[in-house]
Amino acid sequence: MADTVREIERKYEADGRHELPDLSRVAGVASVAAQPAQELDAVYYDTEDRRLAAAGITLRRRTGGDDAGWHLKLPVAPGVRDEVRAPLSPAVPRALADLVRCRTRRAGLAPLVRIVSRRSVHRLFDDAGTLLAEASADGVTADRLAHGGRSAQWTEFEVELGEGVDPAFLDAVEKRLRKAGLRPSAAPSKLARALAETDPAPPRAEPKAPKRPGGPTAGEHVLRYVREQAEALLVFDTAVRRDLPDSVHQMRVATRRMRSAFRSYGGVLDRAVTDPVGEELKWLAAELGVDRDQEVLGERLQARIAALPRTLLFGPVRRRLRTSMSARRTGSRRRTVAVLDGKRYLALLDTLDALLADPPLRPAAARPVREVLPKAVLKDYRRLAGRVGCALALQPGHERDLAMHEARKAAKRARYAAEAAIPALGGAAKRFAGRMKDVQTVLGDHQDSCVAREALRALAAQAHAAGEPSFTWGLLYGQEAAAAAECERELPEVWARASKRKLRERLRA
């Protein structure tokens with residue numbers, strides 16, 4: 001069974017230096033304890049075209065030291081990685097291979113580089129005996145495991161923060177290391193440096209494209225945004241497989257933002273090509289929604305029950321909700337992982353790669369962003385205005401509920417279009433996106449209430465069939481109906497703020 005450790009560390013290098021400097025005078029350090037020297041022998045695995053390395057991910061099988069085993073390192077932030085560990089075994093553990101399937105897909109994982117480190121470690125403690133950090137000096141030998149591969153040697157210095165210690169402590173250590181002549185490593189990891197220095201045929205440096213005097217074109221801007229969402233999709237794929245909080249929601253958001261960009265910026269990217277991809281993204285979002293919707297619904301109903309006085313809780317209300325939500329959540333999570341392992345999803349990822357490698361640009365893609373993006377955003381706004389007007393014209397009831405749900409989807413699209421334009425259009429797009437989000441929030445709360453009422457009706461029927469009181473479920477249903485009515489009363493005011501002409505004029509300007 002794999003477990004995870006959060007690593008917060010910094011790496012350094014120095015010309016001609018092989019030992020750690022004295023760190024006993026670092027602020028906060030009361031004692032420094034030298035540890036016995038270690039020899040760490042690690043073989044790094046990747047696909048033939050180095051897909052993991054391109055994403056900043058490392059997978060290794062290491063012997064020696066106190067954490068021998070398989071280690072999958074996933075980037076979290078600069079200097080921060082999650083290390084997912086599994087016991088030693090001859091082949092790559094399936095639990096780790098599954099976590100990077102969205103990267104490797106049908107390609108196999110094979111040994112790429114062997115790195116042997118002769119490590120000396122100094123542990124830094126405060127006056128209470130708490131481990132502040134481990135500082136190490138590694139004499140590294142890297143060998144490329146391919147025909148014609150080369151070898152490389154260097155010394156690397158590393159400082160890894162102790163568990164629960166303020167990351168600011170690393171600043172104090174770095175100050176001392178810099179005084180001793182060390183500098184931050186140019187390479188983010190041993191593997192990155194090893195790949196660069198042991199390549200049988202080092203690639204030529206590609207000349208940088210000259211900066212465009214008028215800034216990026218609309219095509220460059222939209223493609224950069226779509227690439228960001230495609231990368232987010234892969235990052236959250238791994239997070240979903242790890243069952244991290246909010247990961248399903250964030251993965252679903254990435255799919256929706258991409259699909260929205262294809263539709264909103266159809267003047268830039270040819271919809272004849274992107275519409276089929278958008279349909280597959282819609283399918284994926286719906287599949288992810290099975291899991292996410294159960295999560296949101298469960299949290300909402302639990303909060304409702306927690307707010308009720310005990311005197312209004314009739315029957316095993318909490319137990320019935322917990323049992324119902326647990327059964328749904330277990331089934332939906334199993335289904336979500338099966339979708340991510342399926343051929344259709346992997347084919348979608350391949351299609352996105354192909355689209356971004358050879359984008360279907362239309363003539364407007366060559367025009368400046370300020371000529372293209374505002375028109376696209378305002379077109380989505382007009383679409384939203386029509387749907388809000390339709391919803392407000394209807395009487396409360398099922399038809400209005402459906403109309404508000406359609407308006408919610410239009411608000412989300414207008415918001416995403418404006419958010420995509422923020423890097424180019426600045427504050428005007430940011431304010432516009434904020435107003436669209438306000439509208440989306442009200443309409444989203446209304447839709448959540450509609451979904452909650454359907455669930456409460458089912459729970460009441462289950463309780464009644466089991467001979468349990470259904471009073472509490474009816475009470476909660478009434479609360480949700482009142483919440484929906486409040487959203488309907490609030491919508492005109494929120495829409496009035498969002499539809500001010502000045503917002504649109506600033507966007508055009």
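For this chain, numbers begin at 1 and follow the sequence in order.
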Taking all non-hydrogen atoms of both residues, which atom of Pro87 and which atom of Trp70 are closest, and how far apart?
-> O-CD1, 3.2 Å
Show your working on side chain to side chain contact (heavy atoms under 4.5 Å, CB included) between Asp401 and His446 and close with a plain yes or no.
-> CA-CA 8 Å; Asp401 290 346; His446 183 274; 3.0 Å; yes
Would you call Arg489 and Glu486 a salt bridge, using N to O less than 4.0 angstrom?
-> yes
Indicate yes or no for a side-chain donor-acceptor contact from Asp46 to the backbone of Ala53 under 3.5 Å, with no hydrogens or angles considered.
-> yes
What pairs of residues pass the ring pair (Phe, Tyr, Trp, His ring centres under 6.0 Å) test when at least one of them lies in residues 471-509, not counting sequence neighbours?
-> Phe314-Phe471, Tyr381-Trp495
Under 3.5 Å, side chain of Ser324 to main-chain N/O of Arg320, donor-acceptor pair present?
-> no
Test item: Arg51 side-chain N/O and Cys102 main-chain N/O as donor-acceptor pair under 3.5 Å = no
In sequence, state the C-alpha distance, the side-chain angles, and the governing distance for Asp438 and Arg497, and then conclude on salt bridge (charged side-chain N to carboxylate O under 4.0 Å, His left out).
-> CA-CA 9 Å; Asp438 291 342; Arg497 292 196 298 267; 5.3 Å; no
Note, Glu490 side chain near Asp445 side chain (heavy atom, < 4.5 Å) | no
Name all pairs fulfilling the ring pair (Phe, Tyr, Trp, His ring centres under 6.0 Å) condition that reach into residues 248-272, sequence neighbours left out, sorted by first residue then second.
-> none
Residues that Phe236 engages under ring pair (Phe, Tyr, Trp, His ring centres under 6.0 Å), provided they are two or more places apart | none
Can you name the residues that form a side chain to side chain donor-acceptor pair (under 3.5 Å) with Arg6, not counting sequence neighbours?
-> Asp82
Between Ala192 and Ser189, the two heavy atoms sitting closest are N-OG, 3.1 Å
Give a yes or no answer on whether the side chain of Arg387 reaches the backbone of Arg408 with a donor-acceptor pair at less than 3.5 Å.
-> no
Residues Arg224, Glu228: salt bridge by 4.0 Å N-O rule = no
Donor-acceptor contact present, side-chain Ser449 to main-chain Glu480, <3.5 Å = yes
What are the two closest non-hydrogen atoms of Pro492 and Leu392, and how far apart are they?
-> CG-CD2, 4.0 Å
Short question: side chain of Arg252, backbone of Ala285 - any donor-acceptor pair under 3.5 Å?
-> yes
Does the His221 side chain pair with the main chain of Ala420, one donor and one acceptor, at a distance under 3.5 Å?
-> yes
So with a 6.0 Å cut-off around CD of Glu505, is the heavy-atom count from everything else above 12?
-> yes
Just by modelled atom types, is the Gly278 backbone N or O under 3.5 Å from a matching donor or acceptor in the Arg259 side chain?
-> yes
Is there a donor-acceptor pair closer than 3.5 Å between any side-chain N or O of Ser470 and the backbone N or O of Ala463?
-> no
Heavy-atom pair with the smallest gap, counting every atom of Leu74 and Val84 = CD1-CG2, 4.1 Å
Nearest heavy-atom pair of Val369 and Pro216: which atoms, and what distance?
-> CG1-O, 3.6 Å
Say whether, by atom type as modelled, one donor and one acceptor occur between the side chain of Ser185 and the main chain of Ala187 under 3.5 angstrom.
-> no
Side-chain donor-acceptor pairs of residues 341-359 under 3.5 Å, sequence neighbours excluded:
| residue | atom | partner | partner atom | Å |
| --- | --- | --- | --- | --- |
| Asp341 | OD1 | Arg101 | NH1 | 2.7 |
| Asp341 | OD1 | Arg241 | NH1 | 2.7 |
| Asp341 | OD1 | Arg241 | NH2 | 3.3 |
| Arg344 | NE | Glu280 | OE1 | 2.9 |
| Arg344 | NH2 | Glu280 | OE2 | 2.9 |
| Tyr345 | OH | Asp237 | OD2 | 2.7 |
| Asp350 | OD1 | Arg105 | NH1 | 2.8 |
| Asp350 | OD2 | Arg106 | NH1 | 2.6 |
| Thr351 | OG1 | Ala347 | O | 2.9 |
| Asp353 | OD2 | Arg105 | NH1 | 2.6 |
| Asp353 | OD2 | Arg105 | NH2 | 3.2 |

Are Glu231 and Arg103 within salt-bridge range, i.e. N to O under 4.0 Å?
-> yes
Indicate whether the side chain of Arg415 and that of Gln440 have a donor and an acceptor atom separated by less than 3.5 Å.
-> yes
Any pair counted as salt bridge (Lys or Arg N to Asp or Glu O under 4.0 Å), so long as it reaches residues 262-274, sequence neighbours left out | Arg271-Asp275
Chi angles and distances behind the side chain to side chain contact (heavy atoms under 4.5 Å, CB included) call for Thr58, Arg81 | CA-CA 10 Å; Thr58 61; Arg81 295 188 293 182; 4.1 Å; yes
Tell me, with the steps shown, if Val165 and Leu170 meet side chain to side chain contact (heavy atoms under 4.5 Å, CB included).
-> CA-CA 9 Å; Val165 178; Leu170 293 178; over 6 Å; no
Would Arg400 and Met404 satisfy side chain to side chain contact (heavy atoms under 4.5 Å, CB included), going step by step from the backbone distance to the final call?
-> CA-CA 6 Å; Arg400 175 180 263 197; Met404 291 185 72; 4.0 Å; yes
Taking 4.0 angstrom as the limit, do Arg457 and Glu454 come out as a salt bridge?
-> yes
So which heavy atom on Val100 is nearest to which on Leu72, and how close?
-> CG1-CD1, 3.9 Å
